[in-house]
Structure formats: C-alpha cells, structure tokens
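For reference, the structure I am asking about is given below.
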Amino acid sequence: VQLQASGGGLVQTGGSLRLSCAASGRAFTNHGMGWFRQAPGKEREFVASISGSGGSTSYADSVKGRFTISRGNAKNLVYLQMNSLKPEDTAVYYCAAGLVGGPEKASYRYWGQGTLVTVSS
C-alpha cells in the first residue's frame, strides 16, 4: 500500500498549486481521503477531506474558499487545488487514506510521504 503525493513547489503569494495523490497497492474507492499539512515547529493539521464517493467534502476554516479537494475518475487519485496562496500555507502537505476519513488524523491508516509547498511573500 502506497500513497504518493506530488505537485509541491515554490510559489508567490496569491499564486496557485495543484497537489496530487496517487494510491496504489489496493483499492481505495471506499476510503475517505484527506490532506494534512505540517509547518516547521507545528503540529500536523487537517486541511481537507473527501468521502469515498466524492460526494462529501470538508475543509479547515483557514483554507475554506481557497482550496478545493476532488477525486479522480479512478477514485485512487485525489487532488488539492490551492488558490490565493498565502505565506502561512507554507508546509509539507501529506495525503492520507482511511475508511472513516474526516478531519481527525487518527481516522487515517495510510499516509503518503509529503510534498513541500513554499509560498513566498
């Protein structure tokens, strides 16, 4: 079982990035998928999640209206479109998969390796 996150990079304030997460090794069509982030010296925090069907999404207040989570047609892909990026969005972003999903880290069994997003001011 492997989750591979990609798409991070350096962007200026106000810019956009699209993160991708590919799940392999088993079917994740019935798993909730989530994105979390961890800034230097801070706890890992919830960013967004999407249900197995793709019909239900949830966002942290800090990213609501700027970030959009979606699933690919194959359902083993999940994306995080990040617009209007701010310096405080700088962090390593992790994708995760779990039967329950939602905003709690403990609900996710599988984690990717993370991709670094840096937003310059």
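Residue numbers start at 1 and run along the sequence shown. All values below were derived from every heavy atom in this structure, side-chain atoms included, with hydrogens, water molecules and symmetry-related copies excluded.
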Euclidean distance, L19 CG relative to Q81 CD, rounded to 0.5 Å:
9.0 Å
Can you tell whether the side chains of D61 and K64 come within less than 4.0 Å, N to carboxylate O?
yes
W35 side chain near F67 side chain, heavy-atom distance below 4.5 Å
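W35 does not reach F67 side chain to side chain.
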Considering all heavy atoms of both residues, which atom of N83 and which atom of S16 are nearest to each other, and what is their separation?
OD1-OG, 2.9 Å
Would you indicate whether K42, at its atom NZ, is surrounded by more than 12 heavy atoms from other residues, nucleotides or ligands within a distance under 6.0 Å?
no
Student check: side-chain heavy atoms of R37 and V117 closer than 4.5 Å
no
same_hphob_cluster(Y94, L116) at 4.5 Å side-chain heavy-atom cutoff
yes
How close do C21 and L3 get, counting heavy atoms only, and between which atoms?
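Closest heavy-atom pair between C21 and L3: SG-CB, 4.1 Å.
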For E104, look at atom CD and say whether over 12 heavy atoms of other residues, nucleotides or ligands are found less than 6.0 Å away.
no
Are V92 and W111 linked, directly or through other ILVMFWY residues, by side chains that come within less than 4.5 angstrom of each other?
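V92 clusters together with W111.
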Any side-chain heavy atom of V47 sitting closer than 4.5 Å to one from M82?
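Result no, sub-4.5 Å side-chain heavy-atom pair not found.
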In the structure I gave you, are the side-chain heavy atoms of T13 and P87 within less than 4.5 Å of one another anywhere?
yes
